[in-house]
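Before any comments, here is the structure.
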2 protein chains.
Amino acid sequence: MTGVTTPADDTPAAPAAAAPRRGRARGEQTRQLILETALRLFRERGYAETTMRAIAKEAGVAVGNAYYYFDSKEHLIQGFYDRSQASLRGAVAPLLESERDFATRLRATLHAGVDVNAPYHSFAATFFKTAAEPTSPLSPFSRESSPAREAAIDVFRDVVEGSSVKLDPELRRELPELLWLGWMGVVLFWVYDQSPDQRRTRRLIDGAVPLIDRLVALSRLRVLRPALRQILTLIDSIRRDD
Amino acid sequence: MTGVTTPADDTPAAPAAAAPRRGRARGEQTRQLILETALRLFRERGYAETTMRAIAKEAGVAVGNAYYYFDSKEHLIQGFYDRSQASLRGAVAPLLESERDFATRLRATLHAGVDVNAPYHSFAATFFKTAAEPTSPLSPFSRESSPAREAAIDVFRDVVEGSSVKLDPELRRELPELLWLGWMGVVLFWVYDQSPDQRRTRRLIDGAVPLIDRLVALSRLRVLRPALRQILTLIDSIRRDD
DNA sequence: CTCCTCTCTTGAACGTGTTCAACTAGCATC
DNA sequence: GATGCTAGTTGAACACGTTCAAGAGAGGAG
C-alpha cells in the first residue's frame with residue numbers, strides 16, 4: 001500500500017534515446033492517456049460523479065490498469081496540481097520580469113492563481129476534502145507534496161526578491177513562506193466562495209494586498225519592532241518539530 | 001436527500017410528559033443507542049475503520065435502521081460536535097466567571113478547547129476531511145452548522161465582553177468572530193499536529209495569545225488607526241454576499 | 001374483535017473504490 | 001528457435017456506504 005514505487009519514478013533508462021514508437025515508454029503512454037481522460041471527465045462531470053470504471057472504459061483500458069499507474073483515485077488529482085502550478089508560473093513570469101512594485105507583483109500573482117484555477121472551481125470544491133485530510137499524500141503540508149509546495153513557495157520568493165520593497169531582513173527571509181500560507185488561505189476562501197465569478201475572493205485579494213503592503217512597510221517602525229520580533233519568534237517555535 | 005427532517009427536529013408532543021417506558025419516544029432510544037455505539041467505535045477503531053454494518057451489529061439493529069435516524073455516516077459526527085461544544089462551555093465557565101484579564105481568559109479558553117478534544121485527536125484527523133468539504137452540512141461555515149457556530153462565537157464574545165481589556169469599540173464588535181476564526185486556525189493546526197501530546201499546538205497558543213494581546217493594545221495607537229480601519233473595511237467588504 | 005394508520009425496522013440489492021491472481025507481450029539470453 | 005524475465009494488462013471478486021420495497025408493532029376508530 002505505502003512505499004509503492006510508481007512507474008513515474010523511473011528514470012528513463014539508457015536505450016530510451018531516439019527509440020521507436022514501442023521502445024521502453026510503452027507504459028508512459030498509457031499513463032498519460034489515463035490521466036488525460038480522468039482530468040477531462042472530472043471537468044465534465046465532477047470528481048465524485050466520475051467513476052474509475054468510467055475512466056477506464058473511456059480510456060479503453062481495464063479498471064485494474066488504472067490502478068497499476070495510480071495508487072488510488074485521489075492520486076489522479078496530483079496531476080491536476082502539477083498542471084495548475086505550471087500554468088501559474090507561466091502566467092506570472094512576464095510580469096515578474098518587468099514590474100518592481102511589491103504590491104503590484106503580489107496582487108497580480110494572486111489574481112493569476114485564481115484565474116488559472118477558475119475553470120475548475122466546482123470540481124475543486126468537490127475534491128478539496130481529499131486534500132484536507134492530514135494523512136493524505138495530497139495534503140499541501142504532506143511530505144509527498146513537498147516538491148510542489150517548495151515550487152509554489154518559490155513563486156512568492158520571486159515576488160519578494162524581485163521587488164523594490166524595503167523591509168526587515170529577517171522578515172524578508174520568512175515572507176515567502178508566509179505569503180504562501182496566505183495564499184493557502186485565499187484558496188480555502190476561494191473553495192468556499194459561491195459568489196458569481198468568485199467575486200468575493202477577488203475583493204479579498206484587492207483588499208488584503210494593500211494591507212499586507214502597509215503592514216510590511218510598518219514593520220520597520222520602531223514601536224513595532226518588539227511585536228515583529230515576537231511574531232518571528234513564534235514562527236520559529238512552532239516550526240520546531242518536537 | 002436534502003431537506004430531510006430528521007426525527008431529532010420533532011418537538012416533544014403533548015402526551016410526552018410522565019409517559020411510561022414505551023410512550024412515544026421509542027425511536028429516540030434507538031437513535032441514542034446508535035449514536036452512542038457509533039461514537040464509541042469511532043474512538044476505539046477510528047472513523048474510516050468503523051463500518052456502518054459494524055455499528056448496526058454492535059447496536060443490535062439492522063443497518064437500514066441507522067439510516068432511518070441519520071442521513072449518512074458523516075451525520076453521526078454532528079453528535080460529536082455538539083458534545084465537544086458543550087464540554088468546552090462547561091470547562092471554561094468557572095474561569096470566565098472570576099478572571100478578568102483578557103490574555104488569561106483567551107489562553108485558558110484555547111487550551112480548554114484542545115483539552116476537550118484531545119482524546120479524539122487521531123479520530124478527528126480521520127474525519128476532518130468530511131468537515132472540510134464546502135458542500136458538506138458538517139462544514140463549520142455551512143448553514144446547517146450555523147447554530148453550533150454561533151454558540152462557539154458566543155464563547156469568545158464572553159471572553160472579550162467579560163474582560164477588562166480596553167480597545168477600539170468597532171474592533172471590540174468584530175473581535176469575537178475574529179477570535180473564533182483564529183480558533184478554527186488552531187483546530188486546523190491541531191489536526192495536522194503530530195507532535196507528542198500536540199505540544200506544538202500548545203506552543204502556538206502560548207505564543208499567539210500574548211501577541212494578540214499586544215496587537216489589540218497597539219490597536220489604540222495613533223499610527224495604527226488607518227491600518228486598523230483598513231482591516232475592518234476589508235472584513236466588511238468580504239462579508240458582503242454578492 | 002377488526003381494520004386502519006403511522007412510526008419504526010428489516011435485509012437484500014445496487015454501485016462504488018480497490019485488490020489480486022492470472023495472463024500477455026516484448027525482449028534478452030542461451 | 002526455445003526459454004525465461006519483466007513490464008504491462010485483464011476482469012472477476014471483495015467490502016463498503018447507501019437505498020428501498022416490504023413488513024412488524026403499537027395504538028386508536030368503528
Side-chain angles (χ1 to χ4, degrees), chain A residues 1-2 4-16 19-34 38 41-42 45-57 59-77 126-127 129-130 136, chain B residues 1-2 4-10 12-16 19-34 38 41-42 45-57 59-77 126-127 130 136:
Chain A
M1 208 164 211
T2 59
V4 175
T5 59
T6 60
D9 294 330
D10 293 346
T11 51
R21 282 297 116 77
R22 299 284 181 81
R24 268 282 159 197
R26 181 163 53 104
E28 192 54 30
Q29 271 185 36
T30 312
R31 185 192 165 81
Q32 289 302 330
L33 172 64
I34 292 169
L41 292 184
F42 288 166
R45 314 179 184 176
Y47 178 73
E49 290 73 23
T50 303
T51 70
M52 290 300 281
R53 285 171 179 78
I55 295 171
K57 189 170 188 178
V61 299
V63 63
N65 203 3
Y67 281 92
Y68 181 76
Y69 292 102
F70 300 93
D71 286 350
S72 75
K73 187 181 176 186
E74 295 185 12
H75 277 76
L76 285 163
I77 301 176
T126 318
F127 80 67
K129 63 167 180 180
T130 64
S136 166
Chain B
M1 208 165 212
T2 60
V4 175
T5 60
T6 60
D9 293 330
D10 293 345
R21 281 297 116 78
R22 298 284 181 82
R24 265 283 158 195
R26 180 162 55 103
E28 192 54 29
Q29 272 185 33
T30 312
R31 185 192 164 81
Q32 289 302 330
L33 171 64
I34 291 169
L41 292 184
F42 288 165
R45 314 179 185 177
Y47 178 73
E49 290 72 22
T50 303
T51 70
M52 290 299 282
R53 286 172 177 79
I55 295 171
K57 189 170 188 179
V61 299
V63 62
N65 203 3
Y67 281 91
Y68 180 76
Y69 292 102
F70 300 92
D71 286 350
S72 74
K73 187 181 175 185
E74 296 185 12
H75 277 76
L76 286 163
I77 301 176
T126 319
F127 78 69
T130 65
S136 165

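We use all heavy atoms of the structure for the numbers below, so side chains are in, but hydrogens, waters and symmetry mates are not. A note on names: the letters A, B, ... follow the listed sequences, proteins ahead of strands, and every chain is numbered from 1. Here the structure is a predicted model, which means the values were calculated and not measured.
- Of all heavy-atom pairs spanning B:K73 and B:F42, the tightest one is CE-CE2, 4.2 Å.
- Atom-to-atom, CG of A:D71 to C1' of C:dT19 comes out at 12 Å; the value is rounded to the nearest Å.
- Protein atom CZ of B:F70 is 13 Å distant from nucleotide atom P of C:dC8, rounded to whole Å.
- In this structure, OH in A:Y47 is found 5.0 Å from CD in A:E74, a value given to the nearest 0.5 Å.
- To the nearest angstrom, P of C:dT18 lies 10 Å from CD1 of A:I55.
- Side-chain nitrogen and oxygen atoms of B:S72 include none within less than 4.0 Å of the OP1 or OP2 phosphate oxygen of D:dG17.
- Note on A:T30: every side-chain N or O is 4.0 Å or more away from OP1 and OP2 of D:dG8.
- Across all non-hydrogen atoms, the minimal contact from A:A38 to A:I55 is CB-CD1, 3.8 Å.
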For nucleotides 10-14 of chain C, list the nitrogen or oxygen atoms of the protein found under 3.5 Å from its nitrogen or oxygen atoms, one pair per line.
from	atom 1	to	atom 2	distance (Å)
C:dT10	OP2	B:A62	N	2.7

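- Atom NZ of B:K57 is separated from atom C1' of D:dC16 by 15 Å (rounded to the nearest Å).
- Rounding to whole angstrom units, CZ of residue A:F42 and P of C:dG17 are separated by 9 Å.
- C:dT18 atom C1' lies 13 Å from atom CG of A:L76, rounded to whole Å.
- In this structure, the side chains of B:Y68 and B:R31 stay at 4.5 Å or more apart for every pair of heavy atoms.
- For B:Q32, the side-chain contact (heavy atoms from CB on, under 4.5 Å) criterion is met by B:E28, B:L35, B:E36, not counting sequence neighbours.
- Taking atom CG of residue A:L33 and atom P of nucleotide D:dG8, one finds them 14 Å apart after rounding to whole Å.
- To the nearest 0.5 angstrom, B:S72 atom OG is 8.0 Å from B:I77 atom CD1.
- Under 4.0 angstrom from either OP1 or OP2 of D:dT18 there lies at least one side-chain N or O belonging to B:Y67.
- Residues satisfying the side-chain contact (heavy atoms from CB on, under 4.5 Å) test with B:V61, not counting sequence neighbours, are B:T30, B:I34, B:A56, B:A59, B:N65.
- At whole-Å resolution of the value, CD1 in A:I77 and C1' in C:dG17 are 13 Å apart.
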